[in-house]
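Positions are given from 1, in the same order as the sequence printed here. Whatever order the structure lists ligands and atoms in, that order sets their numbers, starting from 1. Keep in mind that this is a model prediction, so the values were computed, not measured. The analysis underlying the following values was restricted to heavy atoms, covering all of them including side chains, and did not include hydrogens, waters or symmetry mates.
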Amino acid sequence: MTQQPTVGVLAVQGDVREHLGALESTGVVAMPVRRSSELAEVAGLVLPGGESTTIDKLIRIFELRDPIRARIADGMPVYGSCAGMILLADQIVDGTTDQLPIGGMSISVRRNAFGRQVDSFECHLDMPVVGPEPVQAVFIRAPWVQEWGGAVEVLARVPEGHGDASGRPVAVRQGNLLATSFHPEVTGDHRVHSYFAAMVRAAAP
Ligand code: GLN
């Protein structure tokens with residue numbers, strides 16, 4: 001049997017436990033990452049949903065920001081969900097003045113794009129890279145991708161019939177970086193995590 005890679009979940013704030021469970025269901029070894037010595041042990045990393053401004057502050061305090069950026073530059077696969085997508089974006093629209101993304105993806109994301117009043121929104125959307133069955137997408141004060149560069153592959157968009165949100169990219173990939181506006185860790189459908197686990201296995205030496 002081939003050895004399974006270890007995948008970390010950044011565990012400073014946000015829905016860490018759900019991602020650990022979803023990752024484990026794909027067969028990889030999952031572990032929380034709170035310090036740079038733990039980051040060094042993982043072959044891939046999930047940046048969970050939560051509050052991107054808080055996560056940003058904490059990774060600077062815990063001196064994790066630069067090590068994560070270095071691992072990204074080195075080719076480590078990273079998957080950001082919701083706040084995690086915001087952290088991976090090169091540009092944030094409606095961020096706070098002192099908010100610094102980790103960056104790496106040539107995307108501009110709009111925070112709380114579905115409207116500040118709209119706490120959550122759900123729909124089914126097509127995401128062919130994970131299979132023919134639509135994905136149940138749960139958005140919680142979610143961003144969407146406002147603009148994106150040529151190296152970015154759009155994996156899913158909000159379907160027609162949802163006003164200004166329709167057509168907006170909500171799952172994107174650029175090389176070893178994957179991001180979704182929605183939270184697949186809360187639905188019990190772990191195909192997005194399986195897709196990410198395959199990215200990690202493919203990148204492993
Ligand atoms: N609105 C949050 C932020 O800006 C993201 C919400 C989430 O991750 N569910 O970080």
J.: Flag the pair Arg111 and Glu51 as a salt bridge only when some basic side-chain nitrogen lies within less than 4.0 angstrom of an acidic carboxylate oxygen.
T.: yes
J.: Is it the side chain, the backbone, both or neither of Glu51 that has a heavy atom closer than 4.0 Å to ligand 1?
T.: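 Under 4.0 Å from ligand 1, Glu51 contributes backbone and side-chain atoms.
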J.: Is it the case that atom CZ in Arg35 sees more than 12 heavy atoms from other parts of the structure closer than 6.0 Å?
T.: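 Counting neighbours around CZ of Arg35, 12 or fewer heavy atoms of other residues, nucleotides or ligands fall under 6.0 Å, so no.
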J.: Among protein heavy atoms, which lies nearest atom 4 (O) of ligand 1, and at what distance?
T.: Arg111 NE, 2.7 Å
J.: Within the structure provided, determine whether Gln136 and Phe182 are in side-chain contact (heavy-atom separation under 4.5 Å).
T.: no
J.: Numbering the atoms of ligand 1 from 1, which are under 4.0 Å from a heavy atom of Gly49?
T.: 8 (O)
J.: In terms of side-chain heavy atoms, does His190 have a donor or acceptor partner in Ser25 at a distance below 3.5 Å?
T.: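 His190 vs Ser25: donor-acceptor pair found between side chains.
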J.: Please determine if Asn112 has a nitrogen or oxygen closer than 3.5 Å to a nitrogen or oxygen of ligand 1.
T.: yes
J.: Just need the protein heavy atom nearest to atom 5 (C) of ligand 1, so name the residue and atom and give the distance.
T.: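 Protein heavy atom at minimum distance: Gly50 O, 3.4 Å.
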J.: Pull out every atom of ligand 1 sitting under 4.0 Å from any heavy atom of Ile86, numbered as shown with elements.
T.: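 The atoms of ligand 1 under 4.0 Å from a heavy atom of Ile86 are 3 (C), 4 (O), 10 (O).
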J.: Side chains of Asp189 and Thr187: donor-acceptor distance under 3.5 Å anywhere?
T.: no
J.: Does the N or O separation between Ala83 and ligand 1 drop below 3.5 Å for any pair?
T.: yes
J.: I need the nearest protein heavy-atom contact for atom 7 (C) of ligand 1: residue, atom name and distance, please.
T.: Cys82 SG, 2.8 Å
J.: Are any of the side-chain heavy atoms of Phe196 and Arg173 separated by less than 4.5 Å?
T.: no
J.: Does the side chain of Glu41 pick up a donor-acceptor pair with the side chain of Thr6 at under 3.5 Å?
T.: no
J.: Looking only at protein heavy atoms, which one is nearest to atom 10 (O) of ligand 1, and how far off is it?
T.: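 The answer is Ser52 N, 2.5 Å.
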J.: Could you tell me, atom by atom, which parts of ligand 1 come under 4.0 Å of a heavy atom of His183?
T.: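 Answer, ordered by atom number: 7 (C), 9 (N).
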